[in-house]
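What you see below is based on every heavy atom in this structure, not just the backbone, and it leaves out hydrogens, waters and symmetry mates. Every chain is numbered from 1, with letters handed out A, B, ... down the list of sequences.
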Amino acid sequence: MTPDASALLRWYDTHRRILPWRSLPGQRPDPYAVWLSEIMLQQTTVKAVIDYYNRFLTHYPTVQGLANAPLEDVLHLWAGLGYYARARNLHACARRASELGGFPETVDALLTLPGIGAYTARAIAAIAFGQPVVPVDGNVERVTARLYAMEDPLPASRSRIAQQAAHLNADAEAQARPSDFAQALFDLGATICTPRAPSCLTCPWRTSCIGQSRGIAASLPVKAPKQARPVRYGAHFVLRDGKGNVLLRQRPPKGLLGGMDECPGTEWRSTRWAEEDALSHAPFLTQWQDRGTVTHVFTHFTLHLTVYEATLPAGHNAGINQSFGTFRPAERAALSGVMKKCLLRADQDVETT
DNA sequence: TATTCGTGGGG
DNA sequence: TCCCCAAGAAT
């Protein structure tokens, strides 16, 4: 028993969101633009993505342009958006697609490309190529769980929910408009079937929603309890050369903030650093100013960083081991959010925390 | 199956 | 203030 696809599509025709990566009704979107937006939108809000999306399209109007760019430039343009493996995979995927002469049109072929998983493959197939598949993201998961009153907790219930969701497009109306149907599900989840306080009264699917009829829609999907976020500590050193440059090094190519630039600093460990201990990791022996601390919350741990700042006396950079990095203008670097906070902290008065 | 992997905004 | 979460993928 599937809900009324026609009702959802009528609602979508009136209420659909206008977004920069969406083509006008009846027009085929550029697969490159669809792919780019889908990668950026993974675990990221529409509001946060829009500016980045526009900047990428300006710098790289085609997949070939992106494929030919140095990874460093891509990371610089991605800096601040988070989940930097996406940027590395974006670059690798652009090269593959460029070699192939474009993006493949089937789910199975799309799945072989870096950074494209079960959701994104179906999103691209449906939106860019009109394949009748249902991309199951957080929105569709929530809509489905409520529609069928599925009370088993995530993430264990994920595959069962996806199985149900795969049939949402069974109606002929949905089969005829795969791109609109997929995006209608997104918009329904984003504007009506919201995580908290869903607007069931105006929902085009309210009459067939079991969660609504049982009065439990807002409580779905049930989620398993999360575990506590550990705390880590570190110290970083903002060293300027007096010519507008900052000492920066590149993090290892994989893992946390992989490939991004950072000021040299200590390891991030579970115990606090004594000042003397932290200073022993400084790139240069000088009078370091304690600029206070920066707190940054990652998905799986909270980080407290002490920021030290100093300006290099003229003509002393020869004594700095190159493992600490090179002096570069910060504007040209690929700086993560937490490292931007450190540089900002170095410029502030300590008391203004 | 469970972890790792960012960041900013909203309630 | 704190907690939740957002068009998930890779390992």
Side-chain angles (χ1 to χ4, degrees), chain A residues 16-17 19-22 33-53 75 78-90 92-93 110-128 133-143 153-159 162 165 179 181-191 193-197 218 221 223-230 232 251-260 262 268 294-303 334-341:
Chain A
R16 74 194 195 93
R17 291 175 293 174
L19 300 169
W21 46 86
R22 284 189 174 172
V34 172
W35 162 73
L36 178 61
S37 69
E38 288 302 336
I39 301 301
M40 288 186 167
L41 286 162
Q42 289 167 3
Q43 295 291 286
T44 309
T45 57
V46 165
K47 177 179 168 55
V49 163
I50 289 178
D51 287 344
Y52 282 87
Y53 172 82
L75 288 176
W78 193 278
L81 195 56
Y83 285 143
Y84 299 98
R86 291 185 298 172
R88 303 192 297 270
N89 285 328
L90 185 84
C93 187
L110 285 162
L111 277 172
T112 67
L113 299 177
I116 298 183
Y119 160 76
T120 305
R122 286 168 178 77
I124 296 172
I127 297 170
V133 292
V134 180
V136 185
D137 70 334
N139 288 306
V140 180
E141 207 167 60
R142 184 170 58 254
V143 168
L154 290 169
S157 60
R158 183 147 290 143
S159 65
S179 174
F181 187 76
Q183 295 179 87
L185 286 173
F186 302 158
D187 284 11
L188 186 71
T191 66
C193 196
T194 52
R196 284 173 296 202
K223 302 202 171 180
K226 317 182 183 343
Q227 57 187 56
R229 222 194 298 271
R232 293 186 194 174
R251 292 176 60 86
K254 291 184 178 178
L256 184 64
L257 308 177
M260 302 297 284
E262 68 175 7
W268 297 346
V294 157
T295 297
H296 192 78
V297 181
F298 290 96
T299 307
H300 50 300
F301 66 94
T302 296
L303 181 63
L335 296 174
S336 64
V338 61
M339 208 43 61
K340 285 178 182 173
K341 282 186 188 176

* Short side-chain N/O contact from A:Gln42 to OP1 or OP2 of C:dG8, under 4.0 Å -> no
* Structure fact -> A:Leu111 atom CG is separated from C:dA9 atom C1', nearest whole Å, by 11 Å
* Asked: Expressed in whole Å, how much space separates the P atoms belonging to B:dG10 and C:dA7?
  -> 14 Å
* To do: Return no unless some side-chain N or O of A:Arg88 is found under 4.0 Å from OP1 or OP2 of C:dA10.
  => no
* Asked: Do A:Asp187 and A:Arg17 sit within salt-bridge range, that is, some charged N less than 4.0 Å from a carboxylate O?
  -> yes
* Look at the side chain of A:Arg17 against the base of C:dA7 and say whether a donor-acceptor pair falls under 3.5 Å; ignore hydrogens and angles. => yes
* Asked: With a 3.5 Å cut-off and just heavy-atom distances, do the side chain of A:Thr44 and the base of B:dG8 make a donor-acceptor pair?
  -> no
* Quick one: is C:dA9 close enough that its OP1 or OP2 comes under 4.0 Å of any side-chain N or O from A:Thr120? -> yes
* Asked: Atom OH of A:Tyr52 to atom P of B:dG6: distance rounded to whole Å?
  -> 13 Å
* Asked: Does NZ or CZ of A:Arg232 lie under 6.0 Å from the centre of the six-membered ring of A:Phe301, at an angle within 45° of the ring axis?
  -> yes
* Asked: Any side-chain donor-acceptor pair under 3.5 Å between A:Arg22 and A:Gln183?
  -> yes
* Under 4.0 Å between a side-chain N or O of A:Tyr83 and OP1 or OP2 of C:dA6? -> no
* Structure fact -> Taken to the nearest whole Å, NE2/A:His300 to P/C:dT11 is 16 Å
* Asked: Does A:His296 place a side-chain N or O at less than 4.0 Å from the phosphate oxygens OP1/OP2 of B:dT7?
  -> yes
* Asked: Between A:Arg122 and A:Asp137, does at least one N-O distance fall below 4.0 Å, as a salt bridge requires?
  -> no
* Classify the side chain of A:Ser336 and the base of B:dG6 as holding, or not holding, a donor-acceptor pair under 3.5 Å. => no
